[in-house]
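Comments concern the structure below.
What's counted below: heavy atoms across the whole structure, side chains too, no hydrogens, waters or symmetry copies.
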Amino acid sequence: MKLMKNIILVISIIALLFQFYVDISPIVDFSLEGRVMIVLIEVFGFLYVYFWYRNKVDEKIRQRYFKYLIWLLFSIYLINLIYLLFLDGELGRDIRFLENIDEYMKYNVNLKPFHTIKLFINSYYQGNLPLTMIAVNLMGNLVAFMPFAFFLPILFSSQNKWYNIFITMSFIIVLAEIIQVFTMTGSGDIDDYILNIIGSMIAYFILMYLKGKRK
C-alpha cells in the first residue's frame with residue numbers, strides 16, 4: 001500500500017507539472033477531454049494520498065496535511081482558470097499586450113449593466129445564436145469563480161465573513177477583467193462581473209448553509 005501511495009503521488013505531481021508545461025507551451029495543447037482527464041488524475045491522486053495519511057497521524061498533523069491538500073487543489077483550479085481566461089486558443093485567447101489598445105477598448109469594454117446579457121437574449125430570439133451557446137456563456141460566467149467560495153474561507157480566516165468574500169472576489173474579478181482587456185484576451189464587461197460575483201456569493205452562502213447544517 002505504501003508503494004502504491006508513492007506511485008500515485010509521483011504520477012499526480014508529474015501530471016500537474018506536465019499540465020503547467022502544456023499550458024505555457026506555444027506548440028502543445030490539450031483537448032477538452034485531455035484536460036479533464038489530467039485534472040482528474042491530479043485531484044484524485046492527491047486526495048488518495050491525503051486519505052492514506054489521514055488516519056495515520058494525530059489531529060494537529062492531520063490539519064496541516066489538510067491545508068497542504070487544499071493548497072494543491074486551489075493551485076490546480078488557478079492553473080486551469082488562468083488558462084481559460086488568458087491562454088485558451090479555442091476561446092480566442094491570443095495575448096497581444098497593449099497592441100492597438102485604444103481601438104480594442106472601443107469594441108471590447110462594456111460598462112453598461114445587463115447590456116451584454118440583453119444582446120445575448122435578443123440574438124437568441126432573432127435566431128442569430130443557439131440557446132446552448134447563450135447558456136454556456138452565461139452559466140460559464142456564473143460558475144467560473146465559484147470555487148473561490150470554497151477555497152478562500154479554508155485558507156484564510158479573514159474570508160469567513162460574506163462581506164470580506166464579496167470585497168475579495170470583486171477585486172479578483174475586476175483585476176481579471178482589466179488584465180483581459182490590456183492583454184487583449186477578452187472583454188472588460190460589467191455583465192461578466194455581475195455574473196461572476198453572483199455565482200461566487202451563491203456558492204459561498206450554499207457552503208455556509210451546509211456547514212451550519214453539519215453543526
Side-chain angles (χ1 to χ4, degrees), residues 1-57 61-97 99 133 136-137 139-156 159 168-169 172-173 175-187 192 196 199-200 203 207:
M1 289 297 290
K2 187 175 182 180
L3 176 61
M4 177 65 71
K5 179 265 299 180
N6 290 334
I7 291 173
I8 290 174
L9 178 60
V10 170
I11 291 173
S12 300
I13 293 173
I14 291 174
L16 181 59
L17 293 174
F18 179 69
Q19 182 188 352
F20 183 74
Y21 165 74
V22 171
D23 284 351
I24 64 175
S25 171
I27 58 174
V28 186
D29 198 5
F30 281 125
S31 65
L32 176 60
E33 294 79 7
R35 176 169 293 276
V36 171
M37 181 62 65
I38 202 162
V39 169
L40 289 176
I41 290 172
E42 296 162 5
V43 170
F44 284 108
F46 290 129
L47 284 172
Y48 177 88
V49 174
Y50 166 73
F51 281 107
W52 190 91
Y53 278 111
R54 189 177 186 276
N55 296 322
K56 302 180 184 300
V57 295
I61 298 177
R62 188 183 304 167
Q63 289 178 4
R64 188 193 311 162
Y65 285 170
F66 180 70
K67 268 289 182 67
Y68 294 158
L69 172 69
I70 296 301
W71 273 113
L72 279 169
L73 297 181
F74 188 41
S75 299
I76 293 170
Y77 164 66
L78 287 179
I79 288 171
N80 286 279
L81 180 65
I82 290 170
Y83 179 80
L84 291 173
L85 289 177
F86 307 112
L87 300 171
D88 191 348
E90 292 187 4
L91 295 178
R93 312 302 192 196
D94 181 17
I95 293 179
R96 293 159 289 164
F97 190 68
E99 177 185 322
M133 183 178 294
V136 167
N137 185 278
M139 290 303 297
N141 276 306
L142 273 175
V143 304
F145 288 81
M146 278 186 172
F148 277 103
F150 170 76
F151 290 114
L152 292 182
I154 295 176
L155 295 174
F156 307 100
Q159 299 301 307
T168 301
M169 290 310 306
I172 292 172
I173 294 165
L175 180 62
E177 293 289 308
I178 292 172
I179 294 174
Q180 279 192 316
V181 170
F182 281 92
T183 56
M184 300 185 185
T185 55
S187 61
D192 288 348
N196 293 159
S200 301
L207 290 169

- Flag the pair R54 / F66 as yes when at least one side-chain heavy-atom distance between them is below 4.5 Å, and no otherwise. no
- Message: Rounded to the nearest 0.5 Å, what separates atom CD1 in I38 from atom CD1 in I11?
- Response: 11.5 Å
- Task: Specify the closest pair of heavy atoms between S187 and V181, including all atoms of both residues, with the distance to one decimal.
- Result: C-CG2, 3.9 Å
- Message: Checking Q180 against L85 for the side chain to side chain contact (heavy atoms under 4.5 Å, CB included) test, could you report, in this order, the C-alpha distance in whole Å, the side-chain angles of both residues, the deciding distance, and whether it holds?
- Response: CA-CA 7 Å; Q180 279 192 316; L85 289 177; 3.8 Å; yes
- Heavy-atom nearest pair, Q159 first then L152, reads CB-O, 3.7 Å
- Message: Let me confirm one number: the CZ-CG distance from F20 to D23, rounded to the nearest 0.5 Å.
- Response: 8.0 Å
- Message: Measuring from atom CG of D88 to atom CZ of F30, what distance do you get when rounded to the nearest 0.5 angstrom?
- Response: 12.0 Å
- Item | Working for side chain to side chain contact (heavy atoms under 4.5 Å, CB included), residues L17 and Y21 | CA-CA 6 Å; L17 293 174; Y21 165 74; over 6 Å; no
- What one should report as the nearest heavy-atom pair of S200 and A149 is O-CB, 3.5 Å
- Item | Check against side chain to side chain contact (heavy atoms under 4.5 Å, CB included), W52 and K2 | CA-CA 9 Å; W52 190 91; K2 187 175 182 180; 4.0 Å; yes
- Item | Spacing of L3 atom CG and I8 atom CD1 [to the nearest 0.5 Å] | 10.0 Å
- More than 12 heavy atoms of other groups within 6.0 Å of Y48 OH: yes
- Is there a donor-acceptor pair under 3.5 Å between the side chain of N196 and the backbone N or O of N141? yes
- Query: Going through the checks in order, is the side chain to side chain contact (heavy atoms under 4.5 Å, CB included) test met by L9 and F46?
  - Reply: CA-CA 7 Å; L9 178 60; F46 290 129; 4.1 Å; yes
- Between the CZ atom in F86 and the CD1 atom in I179, the distance rounded to the nearest 0.5 Å is 4.5 Å
Scan the side chains in residues 69-82 for donor-acceptor partners under 3.5 Å anywhere in the protein, sequence neighbours excluded, and list what turns up.
unit_1: S75; atom_1: OG; unit_2: W71; atom_2: O; d: 2.8
unit_1: Y77; atom_1: OH; unit_2: A144; atom_2: O; d: 2.6
unit_1: N80; atom_1: OD1; unit_2: Q19; atom_2: NE2; d: 2.8
unit_1: N80; atom_1: OD1; unit_2: R35; atom_2: NH1; d: 2.8
unit_1: N80; atom_1: ND2; unit_2: I76; atom_2: O; d: 2.7

- Could you tell me which residues satisfy salt bridge (Lys or Arg N to Asp or Glu O under 4.0 Å) with R64, sequence neighbours excluded, listed by chain and number? none
- Note on the structure: residues 3-15 vs side chain to side chain donor-acceptor pair (under 3.5 Å), sequence neighbours excluded, gives K5-Y53
- Query: Just how far is it from atom NZ of K56 to atom CZ of R62, taken to the nearest 0.5 Å?
  - Reply: 11.5 Å
